[in-house]
Amino acid sequence: MGLDEDMAGVLATFVTEAVELVEDMEQGLLLLESDPASVETIHAVFRAVHTLKGSSGMFGLDHLGGFAHVVESVLDRVRAGELDVTPELVSALLPCSDHLAAVVAGVQAGRLEATAAEVADGQVLLTHLEPFLAEVPGTGTAPVRSAGDNDPTVAAGDPVATDPVPVRWDVSVRFGPDCLRNGMDLLAFLHYLATLGSLAQVRLDTSVLPEVDEMDPESCYLGVDLVLETCADKDSIDAVFDFVREDSTIAIRAGRGQLDDLAERARAATATGHDLGDALVLSGALTARELAAARLDLGTSAPGADGESALGDLLVSRGLVLPEVVHGCLRRVGPAEPVVATAPVVGAHDGQSIRVDAVRLDKLIDLVGELVIAQASAGLRATAVGDVHLLEAHSEVMRLVEGVRESALSLRMVPIGTTFRRFERVVRDVGADLGKDVRLVLSGGDAEVDKALVDRIGDPLMHLVRNSLDHAFEDPAERGRTDKPSCGTLRLHAFHDSGNVVIEVIDDGRGLDRERLIAKAVERGLVEPDAVLTDQEAYGLIFEPGFSTAESVSNLSGRGVGMDVVRRNVAALRGTVEIESILGRGTTVRIRLPLTLAIIDGFLVGVGDSAFVLPLERVTECVELRTGASPRQCMELRGAVLPLIRLRDLFAIPGQAPGRQNVVVVEHAGQRAGLVVDVLLGEFQTVIKPLGLLFSHLQGISGSTILGNGDAALILDVGALVTRHAEQERSRQLGAA
Amino acid sequence: MTATGTGRTRRTVAAPPLLLALEGELDIQVAAERKSALMALVDSLPVPTADGPVPDLTLNLRQVTELDTAGLQLLLLGSREAARRGARLLLVDPSPAVTGALALVHLELDAAGALVTDAETSR
């Protein structure tokens, strides 16, 4: 496929959008499963598929558009109330969203036409959809709505959806100057609009066509005002312009002829307790996006009648709605007001966020990192010169750089909730496969973490979730014999804890059997028969490679692979895993991760000529190592024994230790240790440069950094150091015994 | 002396051709070249004089395989510029690609082939 660069760029945008749309579709379907009557969700799913179909058509991706079209037809029947949402329907549609995702992934990989496998898959899925497509009621196996289960909310439905009479819409399109250059052809859009209905009137606006010399033949100067006669709702028309919305001015509004209808519908909606904005959306006069944008611009000011009329005025002044419609509603809105808590507006976040290329963001973070280093260097010079004013100025710069760093890093922060929601599907599908009834409860999804972390924590979490489903949860029959509810609960919980984000996977299953784990480990020769293990150590056994207590191997887990991968992956992210478990009550797996991978607050120490950086959050205190202290490997600190790790010995640093050494007390997962160093150099904020591949096997070192004076310093991985030291001590003691 | 289809008479002495045939795509890829060609055509119009009528410009579109927004824009620009000099830009023998695009935006050609602009048309 000879894609030129422009096209590739546009296609990348398309893929990003398409991936989101497919995700929306999947989310919606899962929601529908628990709440089949939700009109809003049905509409959201429909819109997602509809938009996907529309934009694939625009890019000539017929294989994608064709498939989406069939799915859309089924959803359209649901929307029109001809088809009920049943578990069978959701089960038939979910694989379709997978298929769409796969095809979109194919497009991303540059395949603009379906592969044979995709065609075959698509055919199978479409066959499964056929029962739901039955045109004539009663001919297929489609569950036709019975009179008995007429849910009033569905029946009231969206008046537009059930209305077969075409509506005339005034559509005004003013493309941004660069649209043509970006591959967005106005004529192609009109062509697509024409497929929604008929273009009753079209008027070209050439008023901004400039003088010959000023006219750039690749810029767009044409505007179009047209009247579209269609049964499609405003959202569908609006969705046609999804790809040009940012640069262009698009106004869609019901034609004068439709005024009475619309006003009537809007009035009806207000009478049932909707506020003005929602009523307008329900009536079809306004799209949710337009409403969200308008509400955002209004701010949170003036709820109630004042806010309503302000909103109305704004919508009219923007030409989104005709004044008559708004006034019709406002008269009714008054007294019978806010009985109903307004649901969060779909797409409300659209106006609040912008999409940024990840590469640009990384570039910014990189630069800020360099800035931090340069600033540290300037600080060193300033201290050396000792000029008070220079130092003052520098401390101000430092404060600002700190602020820039914070906000630059926060740009990378995304809520972990998106990752969590992926598991709804996993829990559902795997639970169904295993015949286990498991409910997924998500909490703390708004805890923010570095985007890079979010991307990389998905796999370990997936292992944990699958493992819980497979092993932790009892069969329904077994649960029935206990006092637990028959439906198991799996919780994913995230929260911030002093510079870390903690993710917990909590199940109320059978729990880990400590004795059995140890017996198994003894059998495998992993621990000595008479060894005394702490709970952490015993439970930690499940992370040993090849360790499994499962009697049977399922296709999901039980082969003993997976859990060791989890620990390795988490360790690679500078995180740790802990396990708590109560036999018979459940298990909590707790993953602790740093908030960001890019920058740490460090504590700089020196040994001989070398400098090392310790993550500041690991440092609890610093004490002096008494001169003439015995060369023992531990010291006494306020009545407790503190094991010592001598960095000079550990890294075989040449030279004689100075008379006065210092001990930096570090803590990791409840264990403390003292690192013996020559000098303490103070706090140091630094950018982590990952070690090259060559050094990736090194334990105890998590990265490197450049100091202000240009020297390199290693960043110590305290967790690994402490663990390794503890292990060595134990084996030494065992040897001695 | 040559006779045109409209029966008007033109002086051909030392006059440039007043005719241009476009081939292939008329789209954004070639918009810059086509613009120069089209403007050269417009510039070939003789300076209007008091006595004779200004001749029409002829743009043959039989070989045009594709017309997009950028192309359409050029046709509109050409028509406007011609009109400013008292001439008409006649689009003759339009290919299906051209007629399709014009129909989409409800633009019509009059009997001679000039674009009928600024008129709302109903289907």
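Both backbone and side-chain heavy atoms feed into the values below; hydrogens, waters and symmetry mates do not.
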Closest-packed option against chain A by number of heavy-atom pairs under 4.5 Å, given B:Arg80, B:Glu81, B:Met39, B:Arg84: B:Arg80
Smallest separation among heavy atoms of B:Leu67 and A:Leu187, with atom names: O-CD1, 3.8 Å
Looking at A:Asp216, is its backbone amide N or carbonyl O close enough to the side chain of B:Lys35 to form a donor-acceptor pair, meaning the two atoms are under 3.5 Å apart? no
So does B:Thr69 get a backbone contact from the side chain of A:Asp185, meaning a donor-acceptor N/O pair under 3.5 Å? yes
Could you state the interatomic distance from CG (B:Asp68) to CG (A:Leu186), rounded to the nearest 0.5 Å? 10.0 Å
Close side-chain approach of A:Cys220 and B:Gln73, heavy atoms under 4.5 Å: yes
As an exercise, state the distance from OG of A:Ser219 to CD1 of B:Ile28, rounded to the nearest 0.5 Å. 8.0 Å
Side-chain contact test, heavy atoms from C-beta onward, threshold under 4.5 Å: evaluate it for B:Leu104 versus A:Val202 and give yes or no. no
By ring-ring contact (aromatic ring centres under 6.0 Å, His included), which residues pair with A:Phe189, not counting sequence neighbours? A:Phe175, A:Phe241
Taking all atoms of both residues into account, what is the closest heavy-atom pair of A:Pro210 and B:Leu77, and its distance? O-CD1, 3.9 Å
If you compare all heavy atoms of A:Pro217 against all heavy atoms of B:Ala32, which two are closest, and at what distance to 0.1 Å? CG-CA, 3.6 Å
If you measure from CG on B:Leu76 to CE on A:Met215, what distance do you get to the nearest 0.5 Å? 9.0 Å
By salt bridge (charged side-chain N to carboxylate O under 4.0 Å, His left out), which residues pair with A:Glu218, not counting sequence neighbours? A:Arg181
Among the options A:Leu193, A:Val212, A:Leu190, pick out the one with the most heavy-atom pairs lying under 4.5 Å from chain B. A:Val212
